[in-house]
There are 2 protein chains.
Amino acid sequence: MSHTLGIRQAQKQKTRQAFLDAALSLLEEQSLSSLGLREVTRAVGVAPTAFYRHFHSTADLGVALVEEALGSLHPMIAGTVSAAGDSDERIDRAVALIARHVREHPAHIRFIARERNGGVQKVRSAIAEQMARFADEVKAELAKQPESAGWSDDDLLMLAGLYVDQMLMTASTFLEAAPEEQDQVARVATRRMRLISIGRRHWLG
Amino acid sequence: MSHTLGIRQAQKQKTRQAFLDAALSLLEEQSLSSLGLREVTRAVGVAPTAFYRHFHSTADLGVALVEEALGSLHPMIAGTVSAAGDSDERIDRAVALIARHVREHPAHIRFIARERNGGVQKVRSAIAEQMARFADEVKAELAKQPESAGWSDDDLLMLAGLYVDQMLMTASTFLEAAPEEQDQVARVATRRMRLISIGRRHWLG
DNA sequence: CGCTTGTGGTTACAGTTGTTCACTGACTCC
DNA sequence: GGAGTCAGTGAACAACTGTAACCACAAGCG
């Protein structure tokens with residue numbers, strides 16, 4: 001029952017999206033804490049004061065960017081972990097999926113990796129919250145697998161967090177690697193994941 | 001053959017160190033790419049133009065900070081890995097060492113974690129280079145251990161990189177955790193390391 | 001000693017920043 | 001159809017930025 005929202009609201013959303021896009025592009029070569037409000041409005045092509053109609057501050061814009069960059073990622077994460085096949089096949093598929101996502105949304109990944117430890121507290125919190133949700137979701141998927149028999153909740157969450165952190169680091173490494181190094185990066189990432197999975201298999205006893 | 005350097009040079013080094021200290025302190029709540037030259041000189045208590053006598057730009061200052069923060073860390077890394085005792089004892093000691101280092105040099109860790117993926121290319125490179133050196137050193141230590149029999153150089157480097165990344169992430173997590181959460185962070189970090197070590201033990205065959 | 005060197009200070013410039021205020025004019029709703 | 005709402009405008013503000021030119025004066029060195 002979503003009624004079409006009026007011309008007015010639609011145009012506002014469009015401008016808001018333009019802000020997000022412009023900011024994301026400007027953030028490829030700087031951090032959020034140095035992103036100026038005027039810089040963004042200039043890139044969008046609107047007056048500086050128009051910014052306030054959409055965000056209180058650039059920090060607020062950053063939080064919105066976190067939603068955009070990570071909010072849509074939950075299905076992919078779950079799909080990655082619950083894929084069919086044996087452990088090695090699953091890992092290969094996960095690494096390939098990460099590589100593809102980085103290729104398609106490089107600015108998103110760059111933003112998250114950069115601001116995860118960045119200078120803006122609210123954005124750091126927003127990212128931490130999303131990452132915690134990822135870890136919870138991965139944990140839920142892991143719990144379904146037979147390999148997790150006998151595992152405590154705590155240990156499962158520990159493992160899930162390790163996987164999630166590893167995924168983001170892999171993505172960030174893809175980002176900085178030259179095209180001809182991508183394969184090498186993928187191979188190392190695969191072996192890291194494989195080692196962790198081996199550790200998982202022998203964790204108990 | 002180190003002759004005492006003149007009063008002149010000594011005073012210059014002192015001022016330079018004041019710049020580094022002031023910058024590090026200012027960077028606790030912002031990123032390097034938003035750090036202004038005037039901001040730093042104001043904090044030090046010198047004229048803006050004095051900055052140029054020591055650094056070309058704030059990016060240059062950042063590179064110097066990388067040296068200060070990571071340059072002195074090499075002995076600790078090596079010591080951590082080559083410590084005596086069985087695997088679990090070694091891990092406990094490593095985590096404790098990391099916790100202590102974070103407690104003693106929080107600003108250093110914050111800076112490295114923040115700028116590792118930060119908006120200043122030269123600084124990112126400087127950090128990446130030091131981290132690669134750490135990985136090489138850890139690899140060399142690992143190679144000495146009997147558990148590494150039969151391991152290829154490539155796999156050893158992969159494992160070393162995994163350990164190094166894990167150490168920095170642990171340090172950064174300590175940094176953001178409240179005092180009463182420190183123990184919990186330490187316990188999770190310990191279990192992560194332990195799982196990796198188990199993976200290592202069963203990597204071959 | 002006097003000459004050179006170079007750290008740091010002073011003044012000034014042209015641009016930029018965030019934020020305010022009063023405004024326009026197209027959309028919305030009764 | 002007329003009144004009200006509100007996204008976006010334009011001008012103005014004080015404060016800030018990096019950088020240039022020139023100066024002061026203590027240290028180094030023949």
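Throughout, protein chains are lettered first and strands after them, A, B, ... in sequence-line order, and every chain is numbered starting at 1.
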According to a strict under-4.0 Å criterion, is A:R42 in side-chain N/O contact with OP1 or OP2 of C:dT17? yes

Let me know the distance between CD of B:E39 and P of C:dT17, rounded to the nearest Å. 16 Å

For B:Q11 and C:dG8, give me the distance from atom CD to atom P, rounded to whole Å. 6 Å

Distance-only donor-acceptor test, B:T49 side-chain atoms vs C:dT10 base atoms, 3.5 Å: yes

Please work out which of the three classes, parallel, tilted or perpendicular, describes the rings of A:F134 and A:H74, given edges at 30° and 60°. tilted

Relative to each other, are the rings of A:F51 and A:F55 parallel, tilted or perpendicular (30° and 60° limits)? tilted

In this structure, how many angstroms lie between the P atom of C:dT7 and the NE2 atom of B:H54, rounded? 7 Å

Nearest whole angstrom, please: distance from the C1' of C:dT17 to the CG of A:L35. 12 Å

Atom pair distance, as rounded to whole Å: CD in B:Q30 and P in D:dT17: 10 Å

Check if the side chain of A:R38 and the base of C:dT19 share a donor-acceptor pair of N or O atoms closer than 3.5 Å. yes

C:dG6 base to B:R53 side chain: any donor-acceptor pair below 3.5 Å? no

Among the candidates C:dG18, D:dT19, D:dT9, find the nucleotide nearest to the side-chain atoms of A:Y52. C:dG18

Taking OP1 and OP2 of D:dG8, is either one under 4.0 Å from a side-chain nitrogen or oxygen of A:T15? yes

Return whichever of A:S57 or B:G45 has its heavy-atom-nearest nucleotide of DNA chain C closer to the 5' end. B:G45

Under a 4.0 Å N-O cut-off, is there an ion pair linking B:E39 with B:R42? no

How long is the line joining CZ of B:F51 and P of C:dG6, in whole Å? 20 Å

I want to verify a distance call: between D:dT9, C:dC27, C:dG8, whose nearest atom is closest to the A:I7 side chain? C:dC27

Should the side chain of B:R8 and the base of C:dT7 be counted as holding a donor-acceptor pair, with the cut-off at 3.5 Å? no

Which word best sums up how the rings of B:H101 and B:H105 line up, parallel for under 30°, tilted for 30 to 60°, or perpendicular for over 60°? tilted

Look up atom CZ in B:R116 and atom CG in B:L70, then write down how far apart they are to the nearest 0.5 Å. 10.0 Å

Between B:Q9 (CD) and C:dT5 (P), how many Å, whole number? 15 Å

B:L37 has an atom CG; how far is it from atom P of C:dG9, in whole Å? 13 Å

